[in-house]
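Quick caveat: nothing in here was measured; it's all calculated off a predicted structure.
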Amino acid sequence: MADTATQHMEVEHPVLDVIRSRWSPAIYSPQPVESEKLLSILEAARWAPSSFNAQPWSFLVARKEEPQEFARMLSCLVPGNVAWAQHVPVLMISVAKLQFDHDGSANRHAFHDTGIATGFLMLQAASLGILAHGMAGFDAAKARELYGIPESHEAVAAIGLGYPGDPQGAPEELRKRNQHKPRRTLREFVFAGRWGQPLSLL
């Protein structure tokens, strides 16, 4: 079997190597993420584009080196994610600010822009050999309570971050989850003229 820690996905058209190497493993090494690399990963999120340059994202971070903080964030995850995320060296929760500062109106792009910042974060991590796994399976209300997230903000997703681990010896369920997932073709989501009609270039 190919080494899933280094395997590149097959692409239909050329893309940056870092995009091909990024994926979301379920098996992680216990190796800590170096402080300078973690800061570089977070710095990448800082430079993401956003509507009106509002930069609506925030990230709560818990590192394995701080067991009490790590356990607190881990408690926000659903059991299926705890099964693997308990082994990552860094956990995060992304948070979006729901209103613009300049006029107080609703920012309907807040989740979109927080997602872009998370994508920047993930690609920077992948360029350093560190992989991130985003999670919808977490309790946003519990995160709000535990971290005092204000009503003007909303927890978006949880993220596990670390170096990919060796699947040998890992539980069978995690090995099944520790696989690259298939991707839709461009014809399935790139349209022109009307919905569902593939771009003629394809």
Side-chain donor/acceptor of [X] to backbone N/O of [Y], under 3.5 Å:
X    : Y    : value
R72  : L146 : yes
R187 : L202 : yes
S127 : V18  : no
T114 : F111 : no
K142 : S75  : yes
R144 : P150 : yes
K64  : Q86  : yes
Y28  : L131 : yes
H133 : P25  : yes

[X] and [Y]: which non-hydrogen atoms are nearest, and at how many Å?
X    : Y    : result
A192 : L199 : CB-CD1, 3.8 Å
L186 : H13  : CD1-CD2, 3.5 Å
F138 : A143 : CE1-CB, 4.4 Å
A132 : I159 : CB-CG2, 3.9 Å
A54  : N107 : CB-ND2, 4.3 Å
L42  : M92  : CD2-CE, 4.0 Å

Query raised in the report: For E188, which residues count as a salt bridge (Lys or Arg N to Asp or Glu O under 4.0 Å) partner, sequence neighbours excluded?
Result: none
Requested in this report: With the side chain counted from C-beta on, respond yes when M135 and V78 share a heavy-atom pair under 4.5 Å apart, and no when they do not.
Outcome: no
Query raised in the report: Do P32 and V90 have side-chain heavy atoms sitting under 4.5 Å apart?
Result: no
Requested in this report: Could you check whether the rings of F100 and F52 sit parallel, tilted or perpendicular, using 30° and 60° as the cut-offs?
Outcome: perpendicular
Query raised in the report: Out of curiosity, E69 CD to E66 CD, how far, rounded to the nearest 0.5 Å?
Result: 6.5 Å
Query raised in the report: Taking only residues two or more places apart in sequence, or in another chain, which ones meet Y147 in a ring pair (Phe, Tyr, Trp, His ring centres under 6.0 Å)?
Result: none
Query raised in the report: Are L16 and L123 connected in a single hydrophobic cluster, I mean Ile/Leu/Val/Met/Phe/Trp/Tyr linked by side-chain heavy atoms less than 4.5 Å apart?
Result: yes
Requested in this report: Following the transitive rule for hydrophobic clusters with a side-chain heavy-atom cut-off under 4.5 Å over Ile, Leu, Val, Met, Phe, Trp and Tyr, establish whether L174 and L77 coincide in one cluster.
Outcome: yes
Query raised in the report: Taking only residues two or more places apart in sequence, or in another chain, which ones meet W47 in a side chain to side chain donor-acceptor pair (under 3.5 Å)?
Result: E43
Query raised in the report: Should H153 and W57 be marked as a side-chain contact (heavy atoms from CB on, under 4.5 Å) after you check the CA-CA gap, both sets of side-chain angles, and the distance that decides it?
Result: CA-CA 9 Å; H153 293 63; W57 52 82; over 6 Å; no
Query raised in the report: What do you reckon, is CD of E36 surrounded by more than 12 foreign heavy atoms closer than 6.0 Å?
Result: yes
**Report entry** side-chain contact (heavy atoms from CB on, under 4.5 Å) between K181 and S24, worked out
**Finding:** CA-CA 9 Å; K181 307 301 189 296; S24 301; over 6 Å; no
Query - Short side-chain donor-acceptor distance under 3.5 Å, N53 and Q55 - result: yes
Query raised in the report: Do I93 and F59 pass the side-chain contact (heavy atoms from CB on, under 4.5 Å) test, and can you show the C-alpha distance, the side-chain angles, and the key distance before you say yes or no?
Result: CA-CA 6 Å; I93 294 176; F59 293 90; over 6 Å; no
